J.: 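There's a structure below that I have some questions on.
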Amino acid sequence: MLFKKKNRKSELDMSRLPTHIGVIMDGNGRWAKKRGLPRSAGHQAGADTLKKIVTECNKMGIKYITVYAFSTENWKRPKEEVDFLMNLLMSYLKDAERTLAGENVVIRAIGSRRELSEEMCRQIEKTENFTKNNTGIVMNIALNYGGREEIVHAVKDIFKKLEDGECNIGDVDADMISDNLYTKGQPDPDFIIRTSNEQRLSNFMMWQASYSEFYFTERLWPDFSVKDLHDAIIEYQSRDRRYGGV
Ligand code: IPE
Ligand code: IPE
Ligand code: MG
């Protein structure tokens with residue numbers, strides 16, 4: 001049987017951009033391995049890609065981007081790699097104060113602070129304060145972030161409010177849960193991109209991704225280009241989001 005090819009547009013429609021993009025930046029290790037380099041070189045190259053992609057999203061007028069930088073499960077990696085990633089994230093935050101803040105980006109870290117070093121927590125607060133009055137894209141860096149941890153954290157906060165008599169059990173609804181997540185006040189991600197050909201969430205924004213559109217690409221994160229971003233958004237613009245309706 002012959003199927004008519006769907007007439008897919010090949011140009012970006014700047015009036016129909018996703019408001020919030022999530023990015024699971026995967027494949028740094030494989031990128032390095034292919035080149036005979038240590039995994040750390042892949043993470044370093046991935047950090048450079050991140051800056052380029054955030055700058056472009058901001059330029060395009062996208063309002064929110066959440067990037068998965070370190071999951072609650074990534075502590076399982078060798079200490080040497082974890083230490084490298086933490087140092088890289090620290091210098092990314094420091095550097096972002098000069099570069100991304102100059103580009104008007106609001107930088108926030110989402111995830112649990114409990115396992116992070118004091119030094120890292122101080123740097124996060126400093127960068128968040130430094131950029132909080134900016135008016136460009138909001139960049140959530142998911143750092144020691146896990147979707148399940150986030151929901152547990154929200155449930156505990158709600159229990160505390162119940163215990164303190166600030167609300168009743170009948171008040172608990174989906175909006176209340178959303179309002180107790182790290183992304184409080186932000187719209188859910190419309191579009192989630194994952195690089196390196198893995199097709200799973202790996203504990204990323206489990207609550208918020210209920211109606212997100214997914215895009216999986218073989219490209220390894222350090223190779224992900226501005227053109228790849230545009231191609232992904234063009235694909236997003238061809239999707240029919242029905243939210244359970246018709
Ligand atoms: C993503 O790249 C970065 C982090 C998870 C911190 P990986 O390090 O997972 O790279 P691969 O998946 O091993 O190639
Ligand atoms: C997800 O990638 C976490 C980040 C991108 C930070 P992983 O490489 O940790 O995920 P799995 O282990 O392949 O599911
Ligand atoms: Mg990986």
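Start at 1 and go down the list; that is how both ligands and their atoms are numbered. Count residues from 1 along the sequence. Model, not experiment: these values are computed from the prediction.
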J.: Check each of R77, R30, M25, R39 against atom 9 (O) of ligand 1 and report the one with the nearest heavy atom.
T.: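 Of the listed residues, R77 has the closest heavy atom.
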J.: When you look at D48 and K52, which way does the salt bridge (Lys or Arg N to Asp or Glu O under 4.0 Å) test go after all the steps?
T.: CA-CA 7 Å; D48 296 340; K52 267 196 307 213; over 6 Å; no
J.: Does the plane of the ring in Y64 sit parallel, tilted or perpendicular to the ring in H20? Use 30° and 60° as the thresholds.
T.: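 Plane angle between 30° and 60°, so tilted.
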J.: Where is the nearest protein heavy atom to atom 2 (O) of ligand 2: which residue, which atom, and how far?
T.: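 Protein heavy atom at minimum distance: R194 NH2, 3.6 Å.
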J.: What atoms of ligand 1 come closer than 4.0 angstrom to any heavy atom of H43?
T.: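 By the 4.0 Å cutoff, the relevant atoms are 3 (C), 8 (O).
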J.: I need the atoms of ligand 1 closer than 4.0 Å to a non-hydrogen atom of N28, numbered in the order shown.
T.: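 The list of qualifying atoms is 1 (C), 2 (O), 3 (C), 7 (P), 10 (O), 14 (O).
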J.: Looking at atom 14 (O) of ligand 2, tell me if a protein heavy atom falls under 4.0 Å from it.
T.: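 At least one protein heavy atom is under 4.0 Å away.
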J.: At what distance is the nearest protein heavy atom to atom 10 (O) of ligand 1, and which residue and atom is it?
T.: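 Protein heavy atom with the smallest distance to atom 10 (O) of ligand 1: G29 N, 2.9 Å.
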J.: Show the atoms of ligand 1 that are less than 4.0 angstrom away from any heavy atom in N74.
T.: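 Numbered from 1, ligand 1 contributes 5 (C).
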J.: May I ask you to list the protein N, O or S atoms found at less than 2.8 Å from the Mg ion (ligand 3)?
T.: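 Sorted hits: D26 OD1.
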J.: To check your reading of the model: name the closest protein heavy atom to atom 12 (O) of ligand 2, its residue, and the distance in Å.
T.: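 I find the closest protein heavy atom is R200 NH2, 4.6 Å.
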J.: S71 versus ligand 2: do any nitrogen or oxygen atoms come within less than 3.5 Å of each other?
T.: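 In fact, backbone or side chain, S71 has no N or O that close.
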